[in-house]
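See structure below.
Bear in mind the structure is a predicted one, so any value in this text is a computation, not a measurement. Residues take their numbers from the sequence shown, with the count starting at 1. As the structure lists them, so they are numbered: ligands from 1, and atoms in each ligand from 1.
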Amino acid sequence: MRLEAGLRELPTLKERLRGAEMITDERGALTGNRALRKVWRGNVALIGDASGTVDAITGEGLGLAFGQAVALAESFQTGDLDAYQKEHRRLMLRPRGMARLMLTLDGRPWLQQRTLQTFRKHPEIFRRLLALHLGVLPPLRLVRDGLTLGWGLLTA
Ligand SMILES: Cc1cc2nc3c(=O)[nH]c(=O)nc-3n(C[C@H](O)[C@H](O)[C@H](O)COP(=O)(O)OP(=O)(O)OC[C@H]3O[C@@H](n4cnc5c(N)ncnc54)[C@H](O)[C@@H]3O)c2cc1C
């Protein structure tokens, strides 16, 4: 989608930008989920997008890169890069799960609609999913919400 097409769907924003001068080229980048089997070998270790990515829809790329940098620095101290591999996998787990969850809605307008209806009806589920996304809620708490969300989707 180009900017012009996007703005057609957001009339309020389009109105606010009317008459604004474009001062740079329109730019974009590809995004996606990519997992590597190993993030280090010999004397090379990868962090950030080079070590695997989660879809940009999660907004987690920078946080992951910083978390991985801290984990890698700790592994340098102990000289144990396997520990970095394990921590890397752990750090990616939640964002990867959330990316999968969000991308399930991609290209399924009926599911998008039902999900939003369910969130409207049960705002606490949305709040808890957001908390899970931010890592302030343990995944186990989601089991109950997952069932309620599933039931909501079936009955919306
Ligand atoms: C559309 C989109 C939206 C995003 N939105 C968010 C968001 O809202 N929040 C968030 O946290 N993250 C977001 N991300 C992800 C985030 O941008 C990345 O996770 C983050 O930039 C990764 O940092 P990095 O340093 O690993 O890689 P990069 O930022 O890609 O840095 C790598 C650098 O290496 C340079 N480089 C490549 N090859 C060479 C070479 N051979 N020699 C020298 N230099 C080289 C590149 O030019 C680049 O500057 C988004 C990503 C995309 C694509």
* Can you figure out which of G61, S51, G52 has its heavy atom closest to atom 12 (N) of ligand 1? => G61
* How long is the span from the NE2 atom in H122 to the CZ atom in R128, to the nearest 0.5 Å? -> 10.5 Å
* Asked: If you round to the nearest 0.5 Å, how far is CG of L130 from CD1 of I125?
  -> 13.5 Å
* To do: Give the residue and atom name of whichever protein heavy atom lies nearest to atom 52 (C) of ligand 1, and the separation in Å to one decimal.
  => A56 CB, 3.7 Å
* Kindly determine whether I47 and Y84 satisfy side-chain contact (heavy atoms from CB on, under 4.5 Å), including the steps that lead there. => CA-CA 10 Å; I47 63 165; Y84 171 58; 3.1 Å; yes
* **Element-labelled atoms of ligand 1 that are located less than 4.0 Å from some non-hydrogen atom of G48** => 26 (O)
* Verify same cluster id: F76, W40 (apolar side-chain graph, 4.5 Å) -> yes
* K38, NZ atom: more than 12 neighbouring heavy atoms under 6.0 Å -> yes
* Asked: Would a 4.0 Å cut-off, counted as strictly less than, catch a protein heavy atom around atom 39 (C) of ligand 1?
  -> no
* To do: Provide, to 0.1 Å, the distance between atom 30 (O) of ligand 1 and the closest protein heavy atom, together with that atom's residue and name.
  => D49 OD2, 4.6 Å
* Asked: Who's the nearest protein heavy-atom neighbour of atom 11 (O) of ligand 1, and how far?
  -> L62 N, 2.9 Å
* atom 53 (C) of ligand 1 - nearest protein heavy atom and its distance -> L30 O, 3.5 Å
* **Top protein contact for atom 1 (C) of ligand 1, by heavy-atom distance** => A29 O, 4.1 Å
* To do: Take E4 and K14 through the test side-chain contact (heavy atoms from CB on, under 4.5 Å) and record every step on the way to the result.
  => CA-CA 9 Å; E4 195 47 48; K14 185 176 179 173; 3.9 Å; yes
* Indicate whether atom 19 (O) of ligand 1 is within a distance of less than 4.0 angstrom of some protein heavy atom. => yes
* Asked: Is there a protein heavy atom at a distance of less than 4.0 Å from atom 4 (C) of ligand 1?
  -> yes
* Considering only protein heavy atoms, determine whether one is less than 4.0 Å from atom 50 (C) of ligand 1. => yes
* To do: Enter the distance from E15:CD to L7:CG here, rounded to the nearest 0.5 Å.
  => 11.5 Å
* Do protein heavy atoms approach atom 44 (N) of ligand 1 to less than 4.0 Å? -> no
* Hey, is atom 9 (N) of ligand 1 under 4.0 Å from any protein heavy atom? -> yes
* To do: Show your reasoning for whether side-chain contact (heavy atoms from CB on, under 4.5 Å) applies to E60 and M98.
  => CA-CA 10 Å; E60 289 275 350; M98 291 309 290; over 6 Å; no
* To do: For atom 7 (C) of ligand 1, grab the closest protein heavy atom and report residue, atom and distance to one decimal in Å.
  => G59 CA, 3.8 Å
* Begin with the C-alpha distance, continue with both residues' side-chain angles, and end with the deciding distance and a verdict on side-chain contact (heavy atoms from CB on, under 4.5 Å) for T53 and T31. => CA-CA 8 Å; T53 55; T31 182; over 6 Å; no
